[in-house]
2 protein chains.
Amino acid sequence: MHRKKPGIDRVFHALGDPSRRAIIEKLSEGPISVSRLAEPLNITLAAVVQHLQVLEESGLVQTEKTGRVRTCRIEPAGLSVAAEWIGDRRSTWERRLDRLGDLLAEPGEN
Amino acid sequence: MHRKKPGIDRVFHALGDPSRRAIIEKLSEGPISVSRLAEPLNITLAAVVQHLQVLEESGLVQTEKTGRVRTCRIEPAGLSVAAEWIGDRRSTWERRLDRLGDLLAEPGEN
DNA sequence: CCAATTGTCAAGTGGGTACTTAAGTAATTT
DNA sequence: AAATTACTTAAGTACCCACTTGACAATTGG
């Protein structure tokens, strides 16, 4: 019937933190290294690395290390998980409103 | 520092908690009272009330008390805030991919 | 009125987590 | 080889937050 997606918890938890959302905002402009990601945020590099771990485990971000530089990029499927959940809630809500509308439009002399 | 929409923080923080998402899932099926909301969750009524406060402050839920019953309903605009943020990230990401595609397609008889 | 229903408020607790510092590793530059 | 760059890891701290308990309204049904 409806199976539970395990990723959804991690995705929304990851998006719940402002610093992590700032990271995603930056990453949506294109791939970038860890230290350049850290520059605009006023937290230490170590904190950024920790956020990146959370983001990577949630499937929102993908990273790859070549040489001494780790390049981070956004993983579009991650945001889709969140978008789909929101879409699902909206659709059931709208479906209910439709049923309500049908009842009101029904040809009963009440 | 950064001037951002204040609501976004609260909305995503609210959505970050599984119990609160469960509440929203239930509410998307239609308005319901606090105690009936609490039934399927294994937390106390008091905890549900606290979650409802967060949800209401974030603009995701609207409640109204008549008699001794508080009826809760979903506030569609709240979810839109989250959906828009996700949409914005996606569009800047896609815009960038388009520019990349243009560069690759631009000069050449291949 | 009495009692059950339905929710509210306050305070406390335990676990989680965002952040820091500090020390370490590995790749590049000079 | 030495210095610099770019992370990585570990450990500690302080704060936040989800949840509980328990006492307290306020409404409503018998």
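In what follows, every chain begins at residue 1, and chains take the letters A, B, ... in the order their sequences are listed.
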Checklist entry - Is any side-chain heavy atom of B/His51 closer than 4.5 Å to a side-chain heavy atom of B/Ile43? => result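 Sidechains of B/Ile43 and B/His51: in contact.
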Item to check | Nearest-nucleotide pick for A/Val69, side chain only, options being D/dC7, D/dT21, D/dT4 | outcome: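 Given the options D/dC7, D/dT21, D/dT4, the side chain of A/Val69 is closest to D/dC7.
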Item to check | Test item: A/Arg89 side-chain N/O and B/Ser28 main-chain N/O as donor-acceptor pair under 3.5 Å | outcome: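 A pair under 3.5 Å: no.
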Checklist entry - Is a side-chain donor or acceptor of A/Arg73 paired with a backbone partner of A/Gln62 at a separation under 3.5 angstrom? => result no
Interatomic distance where [atom1] belongs to [X] and [atom2] belongs to [N] [whole Å]:
X       : N      : atom1 : atom2 : value
B/His51 : D/dC17 : NE2   : C1'   : 9 Å
B/Arg10 : D/dC16 : CZ    : C1'   : 15 Å
B/Gln50 : D/dT20 : CD    : P     : 9 Å
A/His13 : D/dC17 : NE2   : P     : 11 Å
B/Leu55 : D/dC17 : CG    : C1'   : 14 Å
B/Leu15 : D/dC17 : CG    : P     : 15 Å

Checklist entry - How would you give the extent of chain A contacts on DNA chain C, as first and last nucleotide 5' to 3' within a 4.0 Å heavy-atom cut-off? => result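 Listed 5' to 3', the contact boundaries are C/dT17 to C/dT28.
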Checklist entry - Do the side-chain N or O atoms of B/Ser19 get closer than 4.0 angstrom to the phosphate oxygens (OP1, OP2) of D/dC19? => result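 For D/dC19, OP1 or OP2 has a side-chain N or O of B/Ser19 closer than 4.0 Å.
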Next on the checklist: OP1 or OP2 of D/dA25 versus the side-chain N and O atoms of B/Arg68: is any pair under 4.0 Å?
Outcome noted: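 No.
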Next on the checklist: By nearest heavy atom, map A/Ile43 and B/Gln53 onto DNA chain C; which one lands nearer the 5' end?
Outcome noted: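 With A/Ile43 and B/Gln53 compared, the 5'-side residue is B/Gln53.
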Checklist entry - Taking for each residue the nucleotide of DNA chain C bearing the nearest heavy atom, is the 5' side occupied by A/Thr66 or by B/Arg36? => result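 Taking each residue's closest nucleotide, the earlier one in sequence belongs to B/Arg36.
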Next on the checklist: Go through it in stages, so that I can follow the logic: the residues are B/Thr63 and B/Glu56, the test is side-chain hydrogen bond (donor to acceptor under 3.5 Å, both in side chains), and I'd like the CA-CA distance, side-chain angles, deciding distance and then a yes or no.
Outcome noted: CA-CA 7 Å; B/Thr63 77; B/Glu56 204 165 3; 3.1 Å; yes
Item to check | Minimum-distance pair of heavy atoms, taken over all atoms of A/Leu15 and B/Phe12 | outcome: O-CB, 3.6 Å
In this structure, would [X] and [Y] fall into the same cluster of hydrophobic residues linked by side-chain contacts under 4.5 Å?
X       : Y       : result
B/Val81 : B/Leu60 : yes
B/Ile74 : B/Val54 : no
B/Leu79 : B/Ile8  : yes

Next on the checklist: Can you give me the bend angle of the helix from C/dC1-D/dG30 to C/dT30-D/dA1? Use the axis through the first five pairs and the one through the last five, nearest 10 degrees.
Outcome noted: 20°
Item to check | Verdict with reasoning, A/Ile23 to A/Leu41, per side chain to side chain contact (heavy atoms under 4.5 Å, CB included) | outcome: CA-CA 9 Å; A/Ile23 288 177; A/Leu41 315 167; 3.9 Å; yes
Checklist entry - What nucleic acid atoms does A/Ser35 come within less than 4.0 Å of, heavy atoms only: base, sugar-phosphate, or nothing? => result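 Answer is sugar-phosphate: A/Ser35 comes under 4.0 Å of backbone atoms only.
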